[in-house]
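Read the structure below first, then the notes.
We name chains A, B, ... by the order of the sequence lines, and we start the count at 1 in each one.
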There are 2 protein chains.
Amino acid sequence: MLINELSKRTGVSIHTLRYYENLGLISGAVDETVTTNRYKNYGEDALERVEIIREGKEAGFTLAEIKKMLESWYSGTLTPEEQLKTMDKKIAEVENRIRKLKDVKKLLVRMRKEIGKGEC
Amino acid sequence: MLINELSKRTGVSIHTLRYYENLGLISGAVDETVTTNRYKNYGEDALERVEIIREGKEAGFTLAEIKKMLESWYSGTLTPEEQLKTMDKKIAEVENRIRKLKDVKKLLVRMRKEIGKGEC
DNA sequence: TTAAAGTATAGAGTATAGTCTATACTTTAA
DNA sequence: TTAAAGTATAGACTATACTCTATACTTTAA
């Protein structure tokens, strides 16, 4: 698919997709048998990658970190052991963020309880 | 306390504290009885405010959002009902972020499971 | 066939959240 | 008393993640 379709199917703007491509998070392939243009074609994997980017951002990872995850995931250069290590690290980071968010929630609930009775 | 002490007790750099002060997230009071300088004095509440800023950032709120929370919390201009509404909204947002992070964790665990058996 | 829409590249501009530097004045300790 | 350390303000600079504009070429539909 071309970038327009990728944009529509992911809900991510063409500008942002090109930004991701420049950073190396996704990549389209130019069909060399076509001589009239250099349009880039994206496969189904691009949809998956954009989804991983979205989730990664939600988890608080930077694009640089997400790039590393994608590389270790798709490259094939890492051994399964290295892949496992990468994933375990990321899972631990997400768990850590969940823990911190739960603390924040506790703080907010505590603040909420103090409303009405006395002042802060 | 002066900014140096506030920085040491919070672990936040003087530069960053001044940045927060410029944005209106914290504020020191100049002692007008002192005529030789315009040094700013921060009370214990400043420590609390910096802690809330830290937690808020961890929860994924922007400084602008945190400012609103601090204002509604400390201003005294809001009615308890309005304060409750603000807090409920923020608590719901944090819960939402926790839910999303749990989804991300699920995705990562799924990816992890696929390592070793077959390819991705 | 030509005007509109799509694609590519490069680079400028924006928002957020700092971080650092320069300058000037004040306080403090040797 | 003076050199070092602290404080204040303004503004420049950085990094991240976009977002937009200009330019040029290609495809497509009327």
Check every strand shown and say whether A:L23 touches a base, only sugar-phosphate, or nothing at a heavy-atom separation below 4.0 Å.
nothing

Output yes when at least one side-chain N/O atom of A:T36 is less than 4.0 Å from OP1 or OP2 of D:dC25, else no.
no

Rounded to whole Å, how long is the line connecting atom CG of B:N41 with atom C1' of C:dT27?
14 Å

When you measure from the side chain of B:K40, which nucleotide among C:dT27, D:dT9, C:dT21 comes out closest?
D:dT9

Closest to the B:N37 side chain, choosing from D:dG6, C:dA17, C:dT26:
C:dT26

Looking at D:dC18, I'd like to know if its phosphate oxygens (OP1 or OP2) sit under 4.0 Å from a side-chain N or O belonging to A:K57.
yes

Of the listed nucleotides (D:dT27, C:dA17, D:dT16), which one gets closest to any side-chain atom of A:T62?
D:dT16

Winner on side-chain proximity to B:R18, out of D:dT9, D:dG6, D:dC18, is D:dT9

What is the separation between atom CG on B:N4 and atom C1' on C:dT26, rounded to the nearest whole Å?
14 Å

When you get a sec, tell me which of C:dG18, C:dA8, C:dT26 is the closest nucleotide to the side chain of B:T16?
C:dG18

In whole angstrom, what separates B:L25's CG from C:dT16's C1'?
13 Å

What is the distance, to the nearest angstrom, from the CE atom on B:M1 to the C1' atom on C:dT27?
19 Å

Less than 4.5 Å apart, side chain to side chain, heavy atoms only: is that true for B:E114 and A:Q83?
no

Provide, to the nearest angstrom, the distance between the NZ atom belonging to B:K8 and the P atom belonging to D:dA5.
12 Å

Among the candidates C:dG18, D:dA17, C:dA8, find the nucleotide nearest to the side-chain atoms of B:Y20.
C:dG18

Using the side-chain heavy atoms of B:Y39, tell me which of these nucleotides is nearest: C:dG6, C:dT27, D:dA17.
C:dT27

Counting only side-chain heavy atoms from C-beta out, which of D:dG6, D:dT9, D:dC18 sits nearest to A:Y19?
D:dC18

What is the distance from CD of B:E5 to C1' of D:dG6, rounded to the nearest Å?
13 Å

